[in-house]
Number of protein chains: 2
Amino acid sequence: MTSTNRKKSANADAAKGFARHDHDDCMSAAMSAAEVYCAEHSLQFTPVRRRVLEILLQEHSALGAYDILEKLREEGLGSQPPVAYRALDFLVSNGFVHKIERMNAFVACAHPGRDHAPAFMICRSCDMVAETQTAPTKESFNAAAQAAGFLIERTVVEAEGLCPKCQKEDTA
Amino acid sequence: MTSTNRKKSANADAAKGFARHDHDDCMSAAMSAAEVYCAEHSLQFTPVRRRVLEILLQEHSALGAYDILEKLREEGLGSQPPVAYRALDFLVSNGFVHKIERMNAFVACAHPGRDHAPAFMICRSCDMVAETQTAPTKESFNAAAQAAGFLIERTVVEAEGLCPKCQKEDTA
DNA sequence: CGATAAATGAAATAGTATAACATGACAAGC
DNA sequence: GCTTGTCATGTTATACTATTTCATTTATCG
């Protein structure tokens, strides 16, 4: 799959999660939260970082690093891979963006400002990604980990399957 | 990280999971199980597929596709990437091997023959991988998924952290 | 201001994975 | 026996993902 050929059907309804919502609100809230967080923690919310977060919030679906890089390039914000990866590293480290390991792609966090362990539902048909919480998961996992003496620092929980829309289309 | 430079410290104790066990038994049991399963399901357990599974069982830690390919090449079993990826696809599809998304690496299943949803603990220091079950996880996740109308087909659960051995070394 | 740390620019390269097409092996059915 | 279909393999090329490295600039703070 080329970066530019990444499935585009994760759009419209699907791209906004399973349920509709006010996209502008959701986006400006996330940007504000990021700004506040950076100010409070003396982090530099630089133009590239800001723009990458905006792009991911706007898209509201998972994008590959090179998809993002292409947009940055068009806007004159950078042209080499490290530009995108650095910004993504920063955003991921600070919890504004999550990496979907299953897809080698990135998605804006849907719960800005909260300290959380995210879980994702990934549609194998349209590539849509929805974020949810994983609190119960983590606890039950912790039991097994503690039994083994393993210290959990971070968890990746991703479910692959079919979103409501694509289930209907399969049936149709 | 080059394929050949993949951290090697996942050896000895660590490579055998957190607890020691009879490696030969564990390996021959897994091979037998695979053989039986393939016979029962009319699947071809070809030399390359067999050898890749053996390699992963022997290593007992996660290997990249190119690490495996290199071994196959040395043995004259294949030299091009698709050789390794095809065998791995087969083994993963049939549950003999799991892919660690976090590492882009593959590990032999530690619970041969069982229909299961695996979860992994990955040591960020020595790259050791331990497999455990994720039954509770799946159920709690299912609740959120059903609420969203999402149909889960497969789950990836991976915890990153420190294994007992590396925790001690950190302290030391 | 000057020192230090953080961020960016730029080039090269490493690492992971698949597409596409040809060939071979083998079993089912005529 | 021959054809046909299916599954597996061989081979080439290419696509996609990510990091290393070093030079340079910009921010931050004493």
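FYI, side chains are in, hydrogens and waters are out, and symmetry mates aren't considered; it's all heavy atoms of this structure. Residue numbering restarts at 1 for every chain, and letters A, B, ... go by the order of the sequence lines.
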Round to the nearest Å and state the distance from [X] atom [atom1] to [N] atom [atom2].
X        : N      : atom1 : atom2 : value
A/Arg102 : C/dT16 : CZ    : P     : 17 Å
B/Asp89  : C/dT16 : CG    : C1'   : 13 Å
A/Phe45  : C/dA6  : CZ    : P     : 19 Å
B/Met103 : D/dA18 : CE    : C1'   : 16 Å

Q.
List the residues meeting side chain to side chain donor-acceptor pair (under 3.5 Å) with B/Arg102, not counting sequence neighbours, and say none if there are none.
A. B/Glu160

Q) Quick one: salt bridge (charged side-chain N to carboxylate O under 4.0 Å, His left out) pairs with a partner in residues 26-41 of chain B, sequence neighbours left out? A) B/Glu35-B/Arg50

Examine [N]: is either OP1 or OP2 under 4.0 Å from a nitrogen or oxygen in the side chain of [X]? Give yes or no.
X        : N      : value
B/Tyr85  : C/dT18 : no
A/Asn104 : D/dA18 : yes
B/Lys99  : C/dA17 : yes

Atom [atom1] in [X], atom [atom2] in [Y]: separation rounded to 0.5 Å?
X       : Y       : atom1 : atom2 : result
B/Leu53 : B/Phe96 : CG    : CZ    : 7.5 Å
B/Ser79 : B/Glu70 : OG    : CD    : 12.5 Å
B/Leu72 : B/Glu74 : CG    : CD    : 9.0 Å

Identify all pairs in which a protein N or O lies below 3.5 Å from an N or O of nucleotides 6-14 of chain D, and state each distance.
| unit_1 | atom_1 | unit_2 | atom_2 | d |
| --- | --- | --- | --- | --- |
| D/dC7 | O3' | B/Gln44 | NE2 | 3.4 |
| D/dA8 | OP1 | B/Arg49 | NH1 | 2.9 |
| D/dA8 | OP1 | B/Arg49 | NH2 | 3.4 |
| D/dA8 | O5' | B/Arg49 | NH2 | 3.2 |
| D/dT9 | OP1 | B/Thr46 | OG1 | 2.7 |
| D/dG10 | N7 | B/Arg86 | NH1 | 2.9 |
| D/dG10 | O6 | B/Arg86 | NH2 | 2.6 |
| D/dT11 | O4 | B/Arg86 | NH2 | 3.4 |

(Q) Consider side chain to side chain contact (heavy atoms under 4.5 Å, CB included). Of B/Leu88, B/Leu56, B/Val52, which one does B/Leu63 pass it with? (A) B/Leu56

